[in-house]
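To start, the structure itself, in C-alpha cells.
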Number of protein chains: 2
Amino acid sequence: MKTKTTECAENFIHEDKVRRSEKHLIDGLNATKLARTFQALADPTRVRIISALLKTELCVCDIAALLGVTQSAISHQLRQMRDLRLVRSRKEGRIVYYALDDEHISDLFRRGVEHLEHG
Amino acid sequence: MKTKTTECAENFIHEDKVRRSEKHLIDGLNATKLARTFQALADPTRVRIISALLKTELCVCDIAALLGVTQSAISHQLRQMRDLRLVRSRKEGRIVYYALDDEHISDLFRRGVEHLEHG
DNA sequence: TGAATATATGAGCAGTTATTCATATATTAT
DNA sequence: ATAATATATGAATAACTGCTCATATATTCA
C-alpha cells in the first residue's frame, strides 16, 4: 500500500489516561453552551460596558460617551447583551437605561479582573 | 439647520451616575487583555480540550480520538493554547503529551461549568 | 405641527477564526 | 534504507463578528 497515514491508530494509545479523562469530558452541546457564555465576555467593548454597569445603571448615550464609542456600536452590543440576558433595559421617556442582569456573568467578570490584577 | 442628530448631547445626561461608573471603568488596554482571557475559553473545541485535560495529560492522538475531531484541528488548537500558556507540552519519542498549564484559566473554566449546572 | 433628541436597526464591510487539505518533520520499526 | 506512525504547519475557505453608515422609530419641546 501507499504511504498514507495522517490518522492516528484505531485504538487509543493510552487507554488508562483516556478512561480517566472521559469521566470529566464535556459533551459537544454543553461545550457549545459554555463557550457561548465565555464568548459574551470575549470582546473589549462588552467588557467595558459591563465594567461601566457594575455599580449603576446608565443610559445608552452616557455609555457611548463614557467609552468613547459610537451610539450605534453601543446599541448593537447592548441588543446582543440583552439577548444573552447579560443586561436588562428600562425605558423612561425617550431614555433607555441598561443595567446588569446576570450575577453569574458579573461574577465571572470579577474573577477575570482578579486574574488580571495578580496574574 | 438641517435635521441632523444621531449623536447624543455634548455633556453627559446623568453626571452623577457617570461619576459613579467611572471609578470602576476598565480602560481599553485592560479590557482587551481581559477579553482575550475569556476568548481563550470561547470555543467549544478548546473547552472540550480543557475538560479532557482536567485530570490527566493526554497525547494529541488520544485527544483527537476522544473528541472526535481531526488530528490537524486539534493540533492547531493546541498550538494556539500553548501560545496562550493554557497548556504545556512534553515530548517523549514521537508522542507529545499536553497538560493544563494555567490554574487561572481552569479555575475560570470550573466556574463556568458551575454556572451551567445550576444556572 | 415641526424640529430636536435618544435609541434601534438593517445592510455592508473588514477583520478574525476554526477547520480542512495537503504536506512536512520527526521518530520508530522492519 | 524504507515504511509506518505521531505531530506540526501553511494555505485556502467558510463562517462569524463588530463596526460604520444611513435611516427608522419614538418621545419631547417649542
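Residue numbering restarts at 1 for every chain, and letters A, B, ... go by the order of the sequence lines. Values below: every heavy atom of this structure, side chains too, minus hydrogens, waters and symmetry copies.
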(request) Measure the distance from OH on B:Tyr97 to C1' on C:dT27 and round it to the nearest whole Å. (result) 13 Å

(request) Output yes when a side-chain donor or acceptor of B:Arg111 lies under 3.5 Å from a complementary backbone atom of A:Asp107, and no otherwise. (result) no

Tabulate atom names and distances for all N/O pairs under 3.5 angstrom spanning the protein and nucleotides 26-30 of chain D.
unit_1 : atom_1 : unit_2  : atom_2 : d
D:dA26 : O3'    : A:Lys91 : NZ     : 3.4

(request) Using atom CG of B:Leu67 as one end and atom C1' of C:dA18 as the other, report the distance to the nearest whole Å. (result) 14 Å

(message) If I take atom CD in residue B:Gln77 and atom P in nucleotide C:dT16, what distance separates them, rounded to the nearest angstrom?
(response) 17 Å

(message) Once you apply a heavy-atom cut-off of 4.0 Å, does A:Tyr98 come out as touching a base, just sugar-phosphate, or nothing?
(response) sugar-phosphate

(request) Name the residue closer to the 5' end of DNA chain D, choosing between B:Ser75 and A:Arg46 according to the nucleotide with the nearest heavy atom. (result) B:Ser75

(request) Would you mind reading off the distance between A:Asp83 atom CG and C:dT9 atom P, rounded to a whole angstrom? (result) 9 Å

(message) Using whole Å, what does the distance between atom P of nucleotide C:dC21 and atom CD1 of B:Ile74 come to?
(response) 15 Å

(request) Indicate, with a heavy-atom threshold strictly under 4.0 Å, whether B:Arg82 touches base, sugar-phosphate, or nothing. (result) nothing

(message) I need the CD-C1' distance between A:Gln71 and D:dA22, as an integer number of Å.
(response) 12 Å

(request) Say whether B:Val87 and B:Val69 are linked into one hydrophobic cluster, either directly or through other cluster members, by side-chain heavy-atom distances under 4.5 angstrom. (result) yes

(message) What's the separation between atom CZ in B:Arg88 and atom CG in B:Leu86, rounded to the nearest 0.5 Å?
(response) 12.0 Å

(message) Judged by each residue's nearest nucleotide on DNA chain D, which is more toward the 5′ side, B:Ser89 or A:Gln39?
(response) B:Ser89

(message) Taking atom CZ as the centre, does A:Arg85 end up with more than 12 heavy-atom neighbours from other residues, nucleotides or ligands that are less than 6.0 angstrom away?
(response) no

(request) Return the set of residues passing side-chain hydrogen bond (donor to acceptor under 3.5 Å, both in side chains) with A:Glu22 (not counting sequence neighbours), or none when no residue passes. (result) A:Arg19

(message) Taking 4.0 Å as the cut-off, does a side-chain nitrogen or oxygen of B:Thr70 come that near to OP1 or OP2 on C:dT20?
(response) yes

(request) Please check if A:Ile49 and A:Tyr97 belong to a single hydrophobic cluster, counting links between Ile, Leu, Val, Met, Phe, Trp and Tyr side chain heavy atoms closer than 4.5 Å. (result) no

(message) In whole Å, I'd like the distance from the CZ atom of A:Arg79 to the P atom of C:dA11.
(response) 13 Å

(request) Give a yes/no verdict on base stacking between D:dT9 and B:His76: centres under 5.5 Å, planes within less than 30° of parallel. (result) yes

(request) Please evaluate the base of C:dT19 for a donor-acceptor partner in the side chain of B:Ser72 within a cut-off of under 3.5 Å? (result) no

(request) Calculate, to the nearest 0.5 Å, the distance between atoms CD1 and CG belonging to A:Ile74 and A:Asp62 respectively. (result) 11.0 Å

(request) Nearest whole angstrom, please: distance from the P of C:dT7 to the CG of A:Leu58. (result) 11 Å

(message) Grouping I, L, V, M, F, W and Y whenever their side-chain heavy atoms are under 4.5 Å apart, do B:Leu25 and B:Ile13 come out in a common cluster?
(response) no

(request) Group every Ile, Leu, Val, Met, Phe, Trp and Tyr by side-chain heavy-atom contacts under 4.5 Å, then state whether A:Val96 and A:Leu53 land in the same group. (result) yes

(message) Looking only at the side chain of A:Gln80 (C-beta and beyond, no hydrogens), which of the listed nucleotides C:dC21, D:dG18, C:dT7 gets closest?
(response) D:dG18

(request) Supply the atom-to-atom distance A:Arg48 CZ to B:Leu34 CG, rounded to the nearest 0.5 angstrom. (result) 12.0 Å

(message) What residues from residues 13-20 of chain B pass a heavy-atom cutoff of under 4.0 Å to DNA chain C?
(response) B:Ile13

